[in-house]
Enquirer: 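Got a structure for you, questions after.
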Amino acid sequence: MKYEKIQAPKGVSEYAPPLSAAFEWVRESLIAPAKLAGYKLIELPVFEDTALFSRGVGESTDVVSKEMYTFEDRGGRSITLRPEGTAGVMRAVIEKGLDRGQLPVKVWYSGQFFRAERPQAGRYRQFYQVGIEAIGLDDPAIDAEVIAIADQGFKVIGLRNYRLEITSLGDAKSRAAHRVDLLTFIEKLDLDEATRARAAINPLRLFDDKRPEMKAAMQKAPLLLDYLSAESLSNFTQVKKYLDQLGITYQVNPRMVRGLDYYTGTTFEFIHEDLGAQSGIGGGGRYDGLMEILGGQSLSGIGFGLGVDRALLAAQAEGVISDDQFTSDLFIIPLGDEQKSVVLSLAAELRGAGIRTEIAFGDRALKGALKAADKSGSRYVVIIGGDEVVSGIVELKRMSDGTITSVKISELQKALLGVI
RNA sequence: GUGGGCGUAGCUCAGCUGGUAGAGCACUCGGUUGUGGUCCGAGAUGUCGCGGGUUCGAGCCCCGUCGCUCACCCCA
């Protein structure tokens, strides 16, 4: 009886060997700077009460209105697979009272997120993000630090062909004043129905339209940056100063649009040059009213989310990942069954010392075993047969050039630690 | 959600105006008994994405469906 094959659900990103090693490395590298800066792990559920996102992210956003995986659980509750990270973090911070201690609360997360979009290169229905949130302090220095940590993550991977765009969405007062003038401006444009509908939901969206005629039409539109209140403006100026001081290059993009409703004040986006249409590799910003909306106290916060899948694509596009960083150090080939037990113990011992050690299993001929060693990418090979067990001396072979050195088995660990 | 391209061995693909499948790479074994990457030989591998239709006959034509891909849209 033959069964039908079951395929992965549409549009999910998954990573199996050999790519998974690079994926893991990118994910850990991206978040490493946050750990160095004192951010602590927060591990959250991948599904939440639907209201968390509809209220937190915003009913009017595309993410909430048409991209969420929402279903009813057995108890009749409306559940949604998390489409982004910030709302969940805020929910947990409020629920656990983390905001009752010292501020800011500094946390990092890593995991899967879900959006029911049409898949495309770099756009998946299940994708991976790492991110941080700094909650409870309204200080331009934190804004700068958060941006710097994100930037550093990309630098750890070795990315170069990306740019940082920043802007400020100001406070509620700034946006209200701008909105009036922007709507008046849009009123006069000749728009198709779909575009007009989009403008009605969020007029800022029109700044992001890629069509040349729309870009031209929006050229003279009033910019939010020109409407910033004195306080917002001085905050933004200070953030830029700090970034300058840190040597982080950025360009101010007053037309930048973010898709989540909660953003306020400092907002930023990392864009990679070598990716296709899905070129945003990370982004974030400040969110002043979010915690209050979710039933907590009125604290401000700032954070970012970085796309692990896209960062990996970017790293591949730039060719900055070398495969040999993921291979083993040593490959041991036992000849004969008696030698297998010797090799098992030896390998366990070497691994205990941190040496990445593989064993040739099965009963393949020496040639085949060596071929397997070659394929594995291991840097060194040792063959252990009866002679070696008796003499206690093995030949340590460096695979890159075939050179062989005689080493006592008892000193193998020391010898390897000296060369790897 | 809308539109374009594609779907043949593990991978990259070929398959003439329809006559029931092939190459390269990879894989396994061998070519001197214990030293890989080259070379030579042998071998295994496909419900031609899936379902239906047209036909004496379909990988090739038609319809549907699923998936991949690119753009719009959206964003990580």
Side-chain angles (χ1 to χ4, degrees), chain A residues 2-13 16 26-27 30 57 61-67 82-86 110-131 150 153-154 194-195 197-198 201-202 205 208-211 214 256-260 269-272 275-284 304-314 331 333-336 339 360 362-378 380-388 394-404:
Chain A
K2 223 174 167 185
Y3 293 94
E4 218 174 298
K5 270 186 206 159
I6 297 171
Q7 295 178 297
K10 183 186 176 89
V12 300
S13 70
V26 166
R27 186 183 59 195
L30 278 177
V57 176
T61 62
D62 280 26
V63 168
V64 169
S65 65
K66 48 189 195 193
E67 296 173 3
R82 62 181 182 186
E84 61 93 52
T86 303
S110 167
Q112 292 96 325
F113 295 87
F114 309 85
R115 290 183 200 171
E117 300 178 272
R118 183 103 169 229
Q120 196 175 320
R123 185 168 80 182
Y124 309 104
R125 292 186 164 187
Q126 172 180 294
F127 56 98
Y128 292 82
Q129 262 184 300
V130 298
F154 295 127
T195 310
R198 212 179 314 143
I201 295 166
N202 182 357
R205 278 283 145 67
D208 211 24
D209 202 305
K210 286 174 187 169
R211 292 171 296 181
M214 275 303 298
M256 188 167 91
V257 179
R258 305 247 65 213
L260 312 180
E269 220 167 69
F270 291 88
I271 297 151
H272 199 272
L275 300 180
Q278 309 304 320
S279 57
I281 52 176
F304 63 66
L306 310 183
V308 181
D309 311 271
R310 290 187 189 173
L312 174 58
L313 289 172
F331 200 96
I333 301 172
L335 293 178
Q339 275 60 244
D363 294 305
R364 12 174 36 165
L366 180 60
K367 177 169 173 161
L370 273 165
K371 228 173 165 181
D374 190 33
K375 290 277 155 52
S376 80
S378 295
Y380 290 88
V381 167
V382 154
I383 295 161
I384 294 187
D387 297 352
E388 282 79 7
V394 294
E395 292 182 333
L396 181 62
K397 178 169 184 173
R398 186 163 66 195
M399 292 301 270
S400 58
D401 57 7
T403 53
I404 289 172

Enquirer: For nucleotides 65-70 of chain B, which of its nitrogen or oxygen atoms have a protein nitrogen or oxygen under 3.5 Å away, and what is each distance?
Expert:
| unit_1 | atom_1 | unit_2 | atom_2 | d |
| --- | --- | --- | --- | --- |
| B:C68 | OP1 | A:Gly11 | N | 2.8 |
| B:C70 | OP2 | A:Ala121 | N | 2.4 |

Enquirer: Which nucleotide wins on minimum distance to the side chain of A:Ala365, given the candidates B:A76, B:G30, B:G36?
Expert: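 Selected nucleotide: B:G30.
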
Enquirer: When we call it a touch if two heavy atoms are under 4.0 Å apart, what does A:Lys397 touch: a base, just sugar-phosphate, or nothing?
Expert: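 Base, at least one base atom sits under 4.0 Å.
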
Enquirer: Under the 3.5 Å rule, do the base of B:A71 and the side chain of A:Gln278 count as making a donor-acceptor pair?
Expert: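 No, the side chain and the base share no sub-3.5 Å donor-acceptor pair.
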
Enquirer: May I ask you to verify if any side-chain N or O of A:Lys375 is less than 4.0 angstrom from the OP1 or OP2 atom of B:C27?
Expert: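 Yes, within the criterion.
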
Enquirer: Among B:C74, B:G31, B:G34, which nucleotide sits nearest the side chain of A:Arg123?
Expert: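 Minimum distance to the A:Arg123 side chain belongs to B:C74.
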
Enquirer: How many Å lie between CD1 on A:Ile383 and C1' on B:G34, as a whole number?
Expert: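 Distance, rounded to whole Å: 7 Å.
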
Enquirer: Please give, in whole Å, the distance from B:C75 C1' to A:Phe270 CZ?
Expert: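 The answer, rounded to whole Å, is 16 Å.
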
Enquirer: Let's see if you can work this out: which of B:G36, B:C74, B:C75 has an atom nearest to the side-chain heavy atoms of A:Asp62?
Expert: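 That would be B:C74.
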
Enquirer: Starting at CG of A:Leu370 and ending at P of B:C29, how long is that distance when rounded to a whole Å?
Expert: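 Result: 13 Å.
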
Enquirer: Are any of A:Arg258's side-chain N or O atoms less than 4.0 Å away from OP1 or OP2 of B:A76?
Expert: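 Looking at the OP1 and OP2 atoms of B:A76, one of them is under 4.0 Å from a side-chain N or O of A:Arg258.
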
Enquirer: For A:Asp208, report the nucleic acid contact type (base, sugar-phosphate, nothing); a contact means any heavy atom under 4.0 Å.
Expert: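 No contact at all - A:Asp208 keeps every heavy atom at 4.0 Å or more from the nucleic acid.
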
Enquirer: Minimum heavy-atom separation for A:Val26 and A:Ala311, please, with both atom names.
Expert: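 Shortest heavy-atom separation between A:Val26 and A:Ala311 comes out as CG1-CB, 3.8 Å.
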
Enquirer: Could you check how far CG of A:Leu396 sits from P of B:G36, rounded to whole Å?
Expert: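 Atom CG in A:Leu396 sits about 16 Å away from atom P in B:G36.
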
Enquirer: How is A:Asn202 classified with respect to the nucleic acid when contacts are heavy atoms under 4.0 Å: base, sugar-phosphate, or nothing?
Expert: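 Nothing, no heavy atom under 4.0 Å.
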
Enquirer: For A:Glu67, answer base if it contacts any base atom (sugar-phosphate contacts may also be present), sugar-phosphate if it contacts only those atoms, and nothing otherwise; contact means non-hydrogen atoms under 4.0 Å.
Expert: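 It contacts sugar-phosphate atoms only.
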
